[in-house]
Amino acid sequence: MEIYQRVVTTFLSQASKPPFDETGDRFAGARPKTRLKPPEAASLGHRSENALVRFENVGLRYGMGPEVVRDLNFSVAPQSFQFLTGPSGAGKTTLLRLMLLSLRPTRGTIHIFGKDARALKKDDLTALRRRIGVVFQDFRLLDHLTTYENVALPLRAMGRAESAYRAEVIELLRWVGLGDRMNASPPVLSGGEKQRAAIARALIVRPELLLADEPTGNVDPGLARRLLRLFVELHRLGTAVVIATHDLQLMDQFGFARRLVVGDGEVTIFDGVSS
Amino acid sequence: MNEPISDETLAHVAQTVLRRDMPLIPSGSIAGNALVVVIAIMTFLACLTAGGALLVARASEGWRSEVLRDITIQLMPRPGDDLDSLVAKAVSAASQAPGVDRVRAYSAVESEKLLEPWLGTGLDLSLLPIPRLIVVHMRDRTGGELPGLRALLARAVPQASLEDHRVWATRIGTMANAVVTLGAALFVLMIVAMATAIGFATRGAVAANREIIEVLHFVGASDAFIAREFETHFRRLGFRGALIGGLSAIGFFFGASTLSAWWSHSTGGEEIAALFGAFALAPTGYLGLVLVGAAVTLLTGYLSRTIVSRYLRGLL
Ligand SMILES: Nc1ncnc2c1ncn2[C@@H]1O[C@H](COP(=O)(O)OP(=O)(O)OP(=O)(O)O)[C@@H](O)[C@H]1O
Ligand SMILES: [Mg+2]
């Protein structure tokens with residue numbers, strides 16, 4: 001808990017630096033030209049022993065259909081930053097759901113936080129999900145709650161008292177630019193506002209692993225870049241980030257990130273350009 | 001936009017503007033209101049049954065204790081008897097018997113009066129052999145002193161017969177017990193019907209809120225947490241229903257007792273009073289109704305939590 005407090009404090013003190021300030025674009029100068037390394041060998045994809053997520057020969061089919069993904073071998077290292085990309089329908093959301101354990105693979109093994117997903121019990125699952133933040137492609141905010149309540153939901157689910165997390169939640173809401181929309185409910189929010197609320201809900205617990213599905217799908221390029229900077233900020237504070245997107249331009253602006261490209265049911269990995 | 005928030009701002013926001021801690025299961029759905037109505041009706045009926053059974057039990061208890069202390073001596077007139085002197089003899093004999101509290105003889109006129117409802121007024125009854133009645137009021141209801149009284153009486157007035165109403169009282173007791181048993185059975189049936197309705201409503205709410213359950217799981221809520229949210233939701237519905245039903249029942253009994261007190265002098269009022277004991281529920285009876293309401297509230301919450309827990313266990 002103390003560590004958590006400390007991290008949140010760091011997080012919040014970072015928050016008062018302006019992530020929304022266009023002039024504070026610390027990547028502007030270092031923006032790399034797109035120069036991707038050749039694909040990694042499959043065996044290199046999961047070299048890390050303490051990987052947060054490790055896929056081994058994973059395949060998945062929905063019902064009796066064809067395998068949507070097959071022979072996946074890769075891992076997500078702690079404190080790493082990667083994009084998950086590929087054409088629409090390639091299986092990005094499927095892959096994220098596998099990492100979130102909301103889907104069980106039909107073949108192969110998935111290790112999450114070092115544990116075999118198949119051996120997980122209900123309580124383990126709850127504990128693991130508290131270490132993972134998710135931004136869904138369709139947001140999945142609860143319509144009968146306010147924006148504030150939605151963002152506070154993970155903390156409430158952990159059984160924390162409202163008075164204990166109120167300041168934190170308000171601070172984060174202000175940080176993502178929803179300071180004056182705290183009492184609005186999702187149905188009256190704009191697409192971009194919903195997106196930011198969904199992101200804030202994923203960030204509020206300072207997860208070790210952040211999975212975001214098209215988190216910039218509904219916003220203009222400027223806001224997309226600002227939101228992404230939010231993820232980068234989180235990454236700097238120690239969170240491993242996986243962002244599904246097919247916005248090539250956006251990925252190019254964050255060239256240091258690793259890329260997992262899904263296509264034809266397989267994943268090809270490109271390491272980021274080190275800055 | 002990013003200047004630090006002052007404590008005053010926070011307090012202000014929290015107290016005046018911020019809506020927070022709304023139930024996670026949306027309240028005020030049509031299905032929820034329907035459940036409140038069902039619970040209210042069922043609670044009302046269950047309270048009526050329970051209260052009615054209590055009234056009958058109490059009335060029969062009071063009635064029997066009176067009846068068992070009263071013993072009737074009957075003197076059949078035989079030709080040539082001086083009935084009045086026989087009555088006097090019987091009265092003095094009964095008065096000397098152990099355990100006797102009071103003795104009262106009905107005069108000839110009073111005896112004829114007793115027949116009036118059947119035979120009508122204006123008849124000359126002096127030609128009919130009308131038996132004379134003596135009511136002996138015993139000090140206790142056990143009937144232990146009866147043989148002594150019987151022996152004394154047999155010596156003094158041989159043709160007198162003694163009626164202790166014991167058969168009658170037993171029959172009334174059996175009837176009252178049957179009514180109470182029936183009431184208990186109806187009560188149980190109503191609770192079972194209510195539990196079934198709550199079960200359906202819970203399963204419906206789980207289906208309607210599947211999306212919410214999924215999101216709660218993803219943000220790290222445990223099954224126990226989700227089940228508790230459902231319990232809170234349903235306990236609230238149960239409370240509303242039980243409150244409406246319970247208060248209606250209390251109002252019903254209160255109104256009925258007031259009305260029957262008002263009516264008790266009219267014909268018919270006495271019969272109802274005999275069966276239900278003036279309709280007045282004892283304070284413990286009202287307490288019982290409150291307990292029924294509380295039990296319904298808890299039952300609603302408990303049932304839905306159990307059902308939701310079982311459903312969640314079946315999920316991934
Ligand atoms: N629940 C499901 N049942 C059956 N098929 C599914 C299901 N979900 C996804 N699919 C199929 O699996 C494939 C991959 O879907 P997925 O949603 O993972 O794609 P995606 O890469 O996220 O696409 P997009 O970029 O459009 O979001 C698609 O062909 C889709 O039709
Ligand atoms: Mg998708």
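Chain letters run A, B, ... following the sequence lines, proteins first and then strands; every chain starts at 1. Atoms considered below: every heavy atom in the structure, side chains included; atoms not considered: hydrogens, waters and symmetry mates.
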Contacting region of I226(B) [heavy-atom separation from chain A under 4.5 Å]: neither
Any side-chain donor near an acceptor of the partner, E229(B) and T232(B), under 3.5 Å: no
Top contributor to chain B interface from I132(A), D180(A), L153(A), V134(A) [non-hydrogen pairs under 4.5 Å]: L153(A)
Could you pull out every donor-acceptor pair under 3.5 Å between side chains of residues 290-304 of chain B and any protein atom, sequence neighbours left out?
| residue | atom | partner | partner atom | Å |
| --- | --- | --- | --- | --- |
| T297(B) | OG1 | G293(B) | O | 3.0 |
| T300(B) | OG1 | V296(B) | O | 2.6 |
| S304(B) | OG | T300(B) | O | 3.1 |
| S304(B) | OG | G301(B) | O | 3.0 |

Those residues that, when tested against D124(A), pass side-chain contact (heavy atoms from CB on, under 4.5 Å) (two or more places apart): L120(A), K121(A)
R131(A) versus chain B, the contacting section by heavy-atom distance below 4.5 Å: neither
Contact origin within L142(A) toward chain B - heavy atom pairs under 4.5 Å: side chain
Selection from R201(A), E162(A), R130(A) maximising heavy-atom pairs under 4.5 Å formed with chain B: E162(A)
Chain A neighbours within residues 183-204 of chain B, where any heavy atom lies under 4.5 Å away: none
Flag for R97(A)-S102(A): side-chain donor and acceptor within less than 3.5 Å: yes
Stepwise side chain to side chain contact (heavy atoms under 4.5 Å, CB included) test for L128(A) and L101(A): CA-CA 10 Å; L128(A) 288 191; L101(A) 301 176; 4.2 Å; yes
Side chain to side chain donor-acceptor pair (under 3.5 Å) involving Q137(A) - partner list, sequence neighbours excluded: T93(A)
Full working for side chain to side chain donor-acceptor pair (under 3.5 Å) between E67(A) and Y62(A): CA-CA 7 Å; E67(A) 275 196 324; Y62(A) 285 107; over 6 Å; no
Aromatic plane relationship, F44(B) with F252(B) - under 30° parallel, 30 to 60° tilted, over 60° perpendicular: perpendicular
Pick from S163(A), A157(A), G159(A) with the largest number of heavy-atom pairs that fall under 4.5 Å of chain B: A157(A)
Any R196(A) side-chain heavy atom under 4.5 Å of F139(A) side chain: no
Chain A contact via F218(B) - side chain, backbone, both or neither, heavy atoms under 4.5 Å: both
